[in-house]
Amino acid sequence: MSTLSLRRVRYMPEQLERGVLYVSDEFGVAVHLCGCGCGQETVTPLGPGEWTLTETTAGPSLSPSILQRAGCRSHYWLRNGAVVMC
């Protein structure tokens with residue numbers, strides 16, 4: 001099972017690091033590399049009607065689940081920093 005730590009940024013870096021969930025509060029978006037390990041950039045908008053970010057001491061959580069509609073077609077949850085495949 002892979003894990004992700006939270007890193008708050010203003011702008012997303014050109015090169016994303018595996019295992020990091022980048023969050024821009026200013027632009028209301030979270031970005032990470034796909035939880036399956038394929039390396040696909042995954043963008044989740046944050047806000048009402050979109051994804052919700054929750055921070056815990058164990059790590060970040062996103063809700064609802066993440067479904068890759070193109071590429072690897074992975075489906076997973078990010079819960080307390082852990083990638084939980086569906």
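The model shown is predicted, which means the values in this text are computed figures rather than measured ones.
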Donor-acceptor pair, Tyr76 side chain versus Cys86 backbone, under 3.5 Å?
no

For Ser74 and Cys36, indicate whether the former's side chain and the latter's backbone hold a donor-acceptor pair under 3.5 Å.
no

So CZ of Arg79 and CG of Leu4: to nearest 0.5 Å the spacing works out to 14.5 Å

When rounded to the nearest 0.5 Å, the distance separating CH2 of Trp51 from OG of Ser65 is 8.5 Å

How does the hydrophobic cluster around Leu67 look, that is, which other residues are in it when side-chain heavy atoms under 4.5 Å mark a link?
none

Which pairs with one or both residues in residues 51-65 pass salt bridge (Lys or Arg N to Asp or Glu O under 4.0 Å), sequence neighbours excluded?
Arg8-Glu55

Cluster link [X] to [Y], ILVMFWY, side chain under 4.5 Å:
{"X": "Val31", "Y": "Tyr11", "value": "yes"}
{"X": "Leu46", "Y": "Val9", "value": "no"}
{"X": "Val43", "Y": "Phe27", "value": "yes"}
{"X": "Leu33", "Y": "Val29", "value": "yes"}

Shortest non-hydrogen contact between [X] and [Y], atoms and distance:
{"X": "Pro60", "Y": "Leu53", "value": "CB-CD1, 4.0 Å"}
{"X": "Glu17", "Y": "Tyr22", "value": "N-OH, 3.0 Å"}
{"X": "His32", "Y": "Val20", "value": "CB-O, 3.5 Å"}
{"X": "Ser61", "Y": "Asn80", "value": "OG-N, 2.7 Å"}
{"X": "Trp77", "Y": "Leu62", "value": "CE3-O, 4.1 Å"}
{"X": "Ser24", "Y": "Arg10", "value": "OG-O, 3.0 Å"}

Are Gln68 and Gln40 close enough, and set up right, to give a side chain to side chain contact (heavy atoms under 4.5 Å, CB included), and what steps lead you there?
CA-CA 9 Å; Gln68 299 291 1; Gln40 181 176 336; 3.1 Å; yes

Answer with yes or no whether the side chains of Glu50 and Thr44 bring together a donor and an acceptor at under 3.5 Å.
no

Is any side-chain heavy atom of Leu21 less than 4.5 Å from a side-chain heavy atom of Leu78?
yes

